[in-house]
Asks: 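Structure provided below as structure tokens; questions to follow.
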Amino acid sequence: RHTRYWRDWSSDVCSSDLLPGDVSYSQRATIDGTINGDGVALDTSSATATFLDRHVGPGKQVDVSGLTLSGDDASNYELTSNVFTTSANITPAPLNVSGLSAQDRNYNGTTDVAINGLADSYLDGVVSADNAQITLSKPLTLTGSINSPNADYYQVTLDGTFSINASGDSQVTDYTLIQPQLYVYINQAPLRVEGVTLSKPLVKTYDGNQYFDPSGITFTYTYKDGYGTYFGEDPGIYIDSIQADSAHAGSRNATIYFDGLDNGNYYLDTASFDTTATISPKDATIQISSPSDKTYGSEITFAGKIGRAHV
């Protein structure tokens, strides 16, 4: 017999489904036969309610005992019986499989997901009376999949299922096993561009700034091993800007800055590439105004300018 101490018999409690071993009280207890105005009440402090067994089922018999009377006039009354029978439901207890996790990863063009923790997975929610008798049955292997290969957050579909076994007086039907629900992040994959070849040399005439116009310049490139795209996908990389290490004329070191990535499955891990460039001197035209007349043996003087600089 499975006993639980009586709880708040004198209050209204709605009938409800219970976990194994619990009791629901579907009515208010009252005392019949008392005289109006007498100080007498039903004392439930020592009452107990007992199922015939501890297993799941609807409308299970519950025996209630230990009811007494209290109050100033309680001695004027005697309960015809302090034991009666009612009924309550015991519903399955939920069990969860704990210890599993889906392994987050970078985008790789597939929908496969690795699952960790199968060997150490365990049941969470087994009642103490069943601890040694309700066990978890696991698949031999466990992998997962998602419904899209793209970088995002997903619920994982597992390719195996779990079940429970019971021994002794435990019963599988006392529980509802909830299959694991796992989630995974598919992160953007890094791209590392190298081996950049430009369609033409970086050459310009001195203009007072360090920047080169990237328009009209095409390029080819390769990826560092392990940092490229999958299945020939085009990430849409383009040259955003080109900057020399100085604005002055001469052979210069220059940096090409990339941007783009129309495909949301990647990010640029290296967004620049170092190369060389040439800034040619700008032609300067000298303009000389007519010189002044001079006396024999004296110096001739004149004024002029180079661009806007007066001489």
Asks: According to salt bridge (Lys or Arg N to Asp or Glu O under 4.0 Å), does anything in residues 193-220 pair up with another residue at least two apart or in another chain? List the pairs.
Replies: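 Sorted result for residues 193-220: K204-D207.
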Asks: Between Y153 and Y183, is the ring centroid distance below 6.0 Å?
Replies: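 Yes.
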Asks: For the residue pair Y185 / Q103, report whether a side-chain donor-acceptor contact shorter than 3.5 Å exists.
Replies: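 Checked: Q103/Y185 side chains show no N/O donor-acceptor pair below 3.5 Å.
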Asks: Answer with yes or no whether the side chains of D124 and N96 bring together a donor and an acceptor at under 3.5 Å.
Replies: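 D124 and N96 do not have a side-chain donor-acceptor pair below 3.5 Å.
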Asks: Can you sort out the partners of D274 under side-chain hydrogen bond (donor to acceptor under 3.5 Å, both in side chains), two or more places apart, ordered by chain and number?
Replies: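 If we apply the side-chain hydrogen bond (donor to acceptor under 3.5 Å, both in side chains) test to D274, skipping adjacent residues, the hits are T255.
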Asks: Any side-chain heavy atom of V184 sitting closer than 4.5 Å to one from R105?
Replies: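 Side chain of V184 against side chain of R105, heavy atoms only: no contact under 4.5 Å found.
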Asks: Regarding N131 and Q133, is there a side-chain donor-to-acceptor distance under 3.5 Å anywhere?
Replies: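 Note: N131 and Q133 side chains miss the donor-acceptor criterion.
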Asks: Given 3.5 Å as the limit, does a donor-acceptor pair link the side chain of Y154 with the main chain of N150, or not?
Replies: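 A pair under 3.5 Å: yes.
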Asks: State yes or no: do Y122 and F162 share one hydrophobic cluster built from I, L, V, M, F, W and Y residues joined by side-chain heavy-atom distances below 4.5 Å, directly or via other members?
Replies: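 Hydrophobic grouping puts Y122 apart from F162.
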Asks: Is L191 close to Y267 at the side-chain level, that is, under 4.5 Å between some pair of heavy atoms?
Replies: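 Not in contact.
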Asks: Would you say L67 and V83 are hydrophobically clustered, going by side-chain heavy atoms of ILVMFWY under 4.5 Å?
Replies: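 No, L67 and V83 fall in different hydrophobic clusters.
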Asks: Is it true that the side chains of D43 and S45 contain a donor and an acceptor less than 3.5 Å apart?
Replies: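 Yes, S45 and D43 have a side-chain donor paired with an acceptor closer than 3.5 Å.
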Asks: Within the structure provided, determine whether D152 and I146 are in side-chain contact (heavy-atom separation under 4.5 Å).
Replies: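 When only atoms from C-beta onward are counted, I146 and D152 do not touch, as no gap falls below 4.5 Å.
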Asks: Got a sec, which residues hit side-chain hydrogen bond (donor to acceptor under 3.5 Å, both in side chains) with S81, two or more places apart in sequence or on another chain?
Replies: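 Partners of S81 by the side-chain hydrogen bond (donor to acceptor under 3.5 Å, both in side chains) criterion come out as none, since no residue qualifies.
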Asks: Could I get the full list of side-chain hydrogen bond (donor to acceptor under 3.5 Å, both in side chains) partners for T205, not counting sequence neighbours?
Replies: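 None.
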Asks: Could you go step by step and tell me if D269 and K224 meet the salt bridge (Lys or Arg N to Asp or Glu O under 4.0 Å) rule?
Replies: CA-CA 11 Å; D269 187 51; K224 183 176 176 63; over 6 Å; no
Asks: Can you confirm whether or not the ring centre of Y266 sits under 6.0 Å from the ring centre of Y227?
Replies: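 Between Y227 and Y266, which both carry aromatic rings, the centre distance is not below 6.0 Å.
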Asks: Would you mind reporting whether I217 and I256 have side-chain heavy atoms less than 4.5 Å apart?
Replies: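 A side-chain contact is absent here, since even the closest heavy-atom pair is not under 4.5 Å.
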Asks: Quick check: do I237 and V193 have side-chain heavy atoms less than 4.5 Å from each other?
Replies: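 Yes, side chains in contact.
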Asks: May I have the step-by-step check of salt bridge (Lys or Arg N to Asp or Glu O under 4.0 Å) for K138 and D120, ending in yes or no?
Replies: CA-CA 10 Å; K138 309 174 185 181; D120 298 323; over 6 Å; no
Asks: Taking only residues two or more places apart in sequence or in another chain, which ones pass side-chain hydrogen bond (donor to acceptor under 3.5 Å, both in side chains) with Y221?
Replies: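 Once residues adjacent in sequence are excluded, the partners of Y221 under the side-chain hydrogen bond (donor to acceptor under 3.5 Å, both in side chains) criterion are Y223.
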Asks: Going by distance alone, is a donor N or O of one side chain under 3.5 Å from an acceptor N or O of the other, for D38 and Y77?
Replies: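 Note: D38 and Y77 side chains meet the donor-acceptor criterion.
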Asks: Can T91 and N89 be counted as having a side-chain donor-acceptor contact under 3.5 angstrom?
Replies: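 Side chains of T91 and N89: no pair found under 3.5 Å.
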Asks: For a quick test of your reading: what N or O donor-acceptor pairs under 3.5 Å do the side chains of residues 241-252 make, sequence neighbours left out?
Replies:
{"residue": "D245", "atom": "OD1", "partner": "R252", "partner atom": "NE", "Å": "2.9"}
{"residue": "S246", "atom": "OG", "partner": "H248", "partner atom": "N", "Å": "3.1"}
{"residue": "R252", "atom": "NH1", "partner": "H248", "partner atom": "O", "Å": "3.3"}

